[in-house]
Amino acid sequence: MSDPAFFRRDAAVVARDLIGARLLVDGVGGVIVETEAYDPLDPASHSARGPSPRNAAMFGPVGRAYVYRSYGIHWCLNLVCGCEPGSAVLIRALEPTDGLAEMQARRGVAVLRDLCRGPGRLCQALGITGALDHHPLDVPPFALQTRGDAIAVLPGPRIGITRGVDTPWRFVMAGSRFVSRTIAARQA
DNA sequence: AGACTGATATTCT
DNA sequence: GAATATCAGTCTA
């Protein structure tokens with residue numbers, strides 16, 4: 001459920017609370033195990049320099065998707081949140097649980113661990129494209145179930161950015177084998 | 001396991 | 001023209 005109260009909080013808080021939530025697109029997806037927070041005061045954020053055609057969703061209502069093209073090739077999914085406009089949480093990795101065969105077909109890969117590990121791979125596995133930019137998270141094809149109970153979450157620095165590298169706004173599920181490769185290496 | 005490369009949309013200089 | 005919230009392939013070890 002995308003209760004506005006859940007998303008109308010600081011991005012770092014929402015990013016931590018999203019770990020363990022179940023995210024499905026047309027019934028295909030899994031449990032969120034890795035996220036990153038971005039807000040308009042953050043030099044690494046797309047919203048740092050104000051609205052543009054690409055990042056418009058970040059300045060719209062909370063509880064919606066912000067989908068953008070990364071390096072001209074991949075799609076990346078964010079969930080718009082925050083008390084003020086311009087915040088979002090990047091979904092970096094899922095533990096696949098639903099629609100495994102469909103994800104394997106879309107990715108052309110059989111190994112579960114490689115289906116949704118990384119923002120670009122995740123979007124390919126769930127069939128997420130720019131068509132879902134601005135789409136409300138409580139309206140099909142999206143389905144989002146957040147957890148009520150507490151869960152062990154580890155914070156750390158974000159990945160693949162050159163600015164704001166010291167802000168510990170990446171969150172991973174403790175002990176999960178389905179997080180990004182670079183993280184798994186650093187954890188070990 | 002690590003280093004390098006190519007693909008290439010959007011934004012910034 | 002250069003950089004980027006990336007990934008898959010290939011080469012070196």
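Letters A, B, ... mirror the listed sequences (proteins, then strands); counts begin at 1.
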[X] and [Y]: side-chain donor and acceptor closer than 3.5 Å?
X: A:S180; Y: A:E34; answer: yes
X: A:H134; Y: A:Y66; answer: no
X: A:T97; Y: A:R22; answer: yes
X: A:Q124; Y: A:R107; answer: yes

From the 5' end of DNA chain C to its 3' end, which nucleotides mark the outer limits of contact with chain A, defined by a 4.0 Å heavy-atom distance cut-off (strictly under)?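 Endpoints of the contacted stretch of DNA chain C: C:dT4 to C:dA8.
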Sticking with atom [atom1], work out how far [N] lies from [M], rounded to a whole angstrom.
N: C:dA13; M: B:dT5; atom1: P; result: 15 Å
N: B:dG2; M: C:dA5; atom1: C1'; result: 23 Å
N: B:dT10; M: C:dA8; atom1: C1'; result: 22 Å

Closest-nucleotide ordering on DNA chain C, the 5'-leading residue of A:R107 and A:Y66: A:Y66
Let me have a per-nucleotide readout for nucleotides 8-13 of chain B, 5' to 3', with B, S or -, counting only protein heavy atoms under 4.0 Å. BBSSSS
Flag the pair A:R9 and A:D17 as a salt bridge only when some basic side-chain nitrogen lies within less than 4.0 angstrom of an acidic carboxylate oxygen. yes
Could A:R158 and A:D42 be called an ion pair, given the rule that one side-chain N must be under 4.0 Å from one carboxylate O? yes
State, with a plain yes or no, whether a side-chain heavy atom of A:R117 is found less than 4.5 Å away from one of A:V179. no
Between A:Y38 and A:H46, ring centroids under 6.0 Å: no
So, is the end of the A:R92 side chain (NZ or CZ) under 6.0 Å from the ring centre of A:F171 and within 45° of the ring's axis?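 No, A:R92 does not lie over the aromatic ring of A:F171.
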Could you provide the dot-bracket string of DNA chain C, using ( ) for intrastrand pairs, [ ] for crossing pairs and | for bases paired to another strand, with Watson-Crick or G-U pairs below 3.5 Å? ||||.|||||||.
Above 12 or not: heavy atoms from other molecules or residues under 6.0 Å from CZ of A:R147? yes
When all nucleic acid strands are considered with a 4.0 Å heavy-atom cut-off, which category describes A:I161: base, sugar-phosphate, or nothing? sugar-phosphate
Is there a chain of hydrophobic side chains (I, L, V, M, F, W, Y, each step under 4.5 Å between heavy atoms) that links A:V31 to A:L112? yes
